[in-house]
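To start, the structure itself, in structure tokens.
Residue numbers begin at 1 in each chain, while the letters A, B, ... track the order of the sequences.
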Amino acid sequence: MSQLADQLLTWFDVHGRTNLPWQIGDKDKVDVYHIWLSEVMLQQTQVSTVIDYFNRFLHHFPTLSNLANAPEDAVLAQWAGLGYYARARNLHKTAKIITHDYQGCFPQKLEQILALPGIGRSTAGAILALGFNQKQSILDGNVKRVLSRTHQVKGHYAQSSTLKELWRLAESHTPNIRTDHYTQAIMDLGATICTRTNPSCSLCPISNICKSSAAQTQLDYPNPKPKKIKPSRSVAMLVFVKNSQVYLQKRPSQGIWGGLWSLVESEDTPVSITQSMHAFDPSATIIEQLPVFKHTFTHYHLHIRPVVISCPSSSAKFHLIDQVEVGMPKPVSKILSQISSLTHIGLNEQID
DNA sequence: GATCCGTGGCC
DNA sequence: TGGCCAAGGAT
């Protein structure tokens with residue numbers, strides 16, 4: 001066993017996290033469904049954010065079979081607000097595949113798991129290591145940070161040569177025994193000791209073999225990615241209102257907010273807004289313009305102008321604001337919560 | 001290899 | 001305030 005793994009396992013026995021929701025299973029045995037769900041939720045998402053979503057999701061879909069048989073809208077509704085919605089759609093697809101192709105039992109071979117939608121190399125390794133104690137490696141953000149510091153790996157993560165070297169190191173350190181504990185341990189170290197800013201090297205169990213610690217260059221690793229300017233876009237969101245209800249439409253599965261229900265969008269110009277609202281309902285009239293606000297994605301800023309529009313003669317299908325059982329993007333639910341508080345357009349009045 | 005894909009917390 | 005990025009994967 002590598003010295004790093006040995007010292008990490010010793011540290012884990014005292015300082016490792018053991019109370020995360022997905023670490024607790026019946027009969028002291030983890031549930032692979034829970035491990036898989038947590039790993040997908042944790043992709044590019046911090047533990048503190050995931051915990052509430054994880055518990056609520058499991059409450060709605062207690063078993064993999066429940067998930068497979070649920071409507072996609074119900075799954076997306078539980079994912080709403082968590083972001084990266086392809087994860088939810090792929091999770092649902094994979095649940096169906098496991099139900100139909102694997103008799104409901106999670107496959108235990110790397111090639112089988114890698115073939116499932118939404119599961120890449122690192123998530124596959126995590127499922128096998130944490131769920132089945134197989135000797136498989138992971139390379140998530142924590143492991144990348146720990147290993148790039150320990151071994152002073154040059155280059156940023158987007159470079160394939162850097163990833164290749166980090167994967168080589170990750171596999172070289174993965175022990176034959178207690179792979180489950182080691183996998184949890186190196187993630188715990190990255191999350192609690194070897195943090196991105198202000199790492200606690202004095203408390204680190206592997207500082208004696210860490211090249212960055214010896215050279216006092218911890219903050220130089222991982223090397224930062226060259227930064228890019230985020231472009232800005234503008235859009236008007238049309239809130240069509242009728243009898244205390246709003247109009248929502250399901251977005252295509254491809255692209256931003258795929259599969260979620262959102263407002264009608266228009267180019268943010270008076271002419272375009274007018275055209276769009278009259279195309280929806282010739283008798284539509286603007287009730288109110290709410291303040292423009294900014295929503296920032298990973299790769300661009302979006303300036304949103306909500307326009308509240310009355311369309312009493314529309315025959316489209318509307319939704320009761322407080323009874324939307326589908327997934328909505330964060331800015332849309334934000335707009336609807338503002339609408340709900342507007343007393344002067346009658347939305348807070350109950351109707352029959 | 002580069003880009004797309006969400007959101008929230010941190011400093 | 002705003003840039004940064006977190007238990008990545010798909011194309």
Legend entry - Side-chain (A:Q7) to main-chain (A:P205) donor-acceptor, under 3.5 angstrom: yes

Inset, instruction - State whether A:Y84 places a side-chain N or O below 4.0 Å from either non-bridging phosphate oxygen (OP1 or OP2) of C:dA10. - result: no

Legend entry - Check: B:dG6 base within 3.5 Å donor-acceptor of A:T45 side chain: yes

Inset, instruction - Kindly say whether A:L203 contributes a backbone atom to a donor-acceptor pair with the side chain of A:S207 at under 3.5 angstrom? - result: no

Inset, instruction - Using a 4.0 Å heavy-atom cut-off across all strands, classify A:K227 as base, sugar-phosphate, or nothing. - result: sugar-phosphate

Legend entry - B:dG8 OP1/OP2 closer than 4.0 Å to side-chain N/O of A:K330: yes

Legend entry - Atom-pair distance (NZ on A:K228; P on B:dG1), nearest Å: 14 Å

Inset, instruction - Classify the nucleic acid contact of A:P117 as base, sugar-phosphate or nothing, counting any heavy atom under 4.0 Å across all strands shown. - result: sugar-phosphate

Legend entry - Any A:T123 side-chain N or O less than 4.0 Å from OP1/OP2 of C:dG9: yes

Legend entry - Main-chain N/O of A:H301 paired to A:R233 side chain as donor or acceptor, under 3.5 Å: no

Inset, instruction - State whether a side-chain donor-acceptor pair under 3.5 Å links A:S313 with A:D281. - result: yes

Inset, instruction - For A:G190, answer base if it contacts any base atom (sugar-phosphate contacts may also be present), sugar-phosphate if it contacts only those atoms, and nothing otherwise; contact means non-hydrogen atoms under 4.0 Å. - result: nothing

Inset, instruction - Calculate the interatomic distance between A:R87 atom CZ and C:dA6 atom C1'; express it in whole Å. - result: 10 Å

Legend entry - Toward the 5' end of DNA chain C, by each residue's nearest nucleotide, A:R196 or A:L116: A:R196

Legend entry - Nearest-Å distance for atom pair CZ/P, residues A:F54 and C:dA7: 17 Å

Inset, instruction - Give the nucleotide from the list C:dA7, B:dT7, B:dG1 with an atom nearest to the side chain of A:E39. - result: C:dA7

Inset, instruction - Identify, between A:Q184 and A:H301, the residue whose nearest nucleotide on DNA chain C lies closer to the 5' end. - result: A:H301

Inset, instruction - Tell me whether the OP1 or OP2 atom of B:dG6 has a side-chain N or O from A:H295 closer than 4.0 Å. - result: no

Inset, instruction - Just call it for A:L139: base, sugar-phosphate, or nothing, with non-hydrogen atoms closer than 4.0 Å on any strand. - result: nothing

Inset, instruction - Please measure how far the P atom in B:dG8 lies from the corresponding atom in C:dG9, and state the result in whole Å. - result: 22 Å

Legend entry - Rounded distance (Å) that lies between atom P of C:dA7 and atom CZ of A:R145: 5 Å

Inset, instruction - Would you state whether a donor and an acceptor, one from the side chain of A:R121 and one from the base of C:dA10, lie under 3.5 Å apart? - result: no

Legend entry - Sugar-phosphate, base or nothing in reach of A:P226, heavy atoms under 4.0 Å: nothing

Inset, instruction - Tell me whether the OP1 or OP2 atom of B:dC4 has a side-chain N or O from A:W257 closer than 4.0 Å. - result: no

Inset, instruction - Give a yes/no answer on whether the side chain of A:Q44 brings an N or O atom under 4.0 Å of OP1 or OP2 in C:dA6. - result: no

Inset, instruction - Give the rounded distance in Å between these two atoms: CG of A:L260 and P of B:dG6. - result: 8 Å

Inset, instruction - Take the protein atom CD1 of A:I256 and the nucleotide atom P of C:dA10, then report the distance between them rounded to whole Å. - result: 17 Å

Inset, instruction - Using a 4.0 Å heavy-atom cut-off across all strands, classify A:S48 as base, sugar-phosphate, or nothing. - result: nothing

Legend entry - Option among A:L260, A:L263, A:V246 that satisfies the side-chain contact (heavy atoms from CB on, under 4.5 Å) test with A:V332: A:L263

Inset, instruction - May I ask you to establish whether A:R251 and A:W261 are in a cation-pi arrangement, using a distance under 6.0 Å from NZ or CZ to the six-membered ring centre and at most 45° from the ring axis? - result: no

Legend entry - Any A:R89 side-chain N or O less than 4.0 Å from OP1/OP2 of B:dC5: no

Inset, instruction - Verify whether one side chain among A:Y221 and A:K154 offers a donor that lies under 3.5 Å from an acceptor in the other. - result: yes

Inset, instruction - Compare the minimum distances between each of C:dC5, B:dT7, C:dA6 and the side chain of A:K230, then state the nucleotide with the smallest one. - result: C:dC5

Inset, instruction - Select base, sugar-phosphate, or nothing to describe what A:S122 touches, counting heavy atoms under 4.0 Å on all strands. - result: sugar-phosphate

Legend entry - A:H299 vs B:dT3: side-chain N/O to OP1/OP2 distance below 4.0 Å: no

Inset, instruction - With DNA chain B as reference, determine whether A:Y53 or A:Y300 sits nearer its 5' end, using the nearest nucleotide of each. - result: A:Y300

Inset, instruction - May I ask you to say what A:L20 touches in the nucleic acid, namely base, sugar-phosphate or nothing, with a heavy-atom cut-off under 4.0 Å? - result: base

Legend entry - Side chain proximity check, A:H303 to A:D268, heavy atoms < 4.5 angstrom: no

Inset, instruction - Find the distance A:K225:NZ to B:dA2:C1' and express it as a whole number of Å. - result: 10 Å

Inset, instruction - Scan A:V47 against the nucleic acid and name what it touches under 4.0 Å (heavy atoms): base, sugar-phosphate only, or nothing. - result: base

Inset, instruction - By nearest nucleotide on DNA chain B, pick out whichever of A:Y85 and A:S160 is the more 5' one. - result: A:S160

Legend entry - Pairwise P distance for C:dA7 and B:dC5, with rounding to whole Å: 23 Å

Inset, instruction - Would you classify A:T298 as touching base, sugar-phosphate or nothing, given that sugar-phosphate means primed atoms plus P, OP1 and OP2, and contacts are heavy atoms under 4.0 Å? - result: base

Inset, instruction - Specify the separation, in whole Å, of atom NZ of A:K294 and atom C1' of B:dG6. - result: 15 Å

Inset, instruction - Between C:dC4 and B:dT3, how far apart are the P atoms? Round to whole Å, please. - result: 15 Å

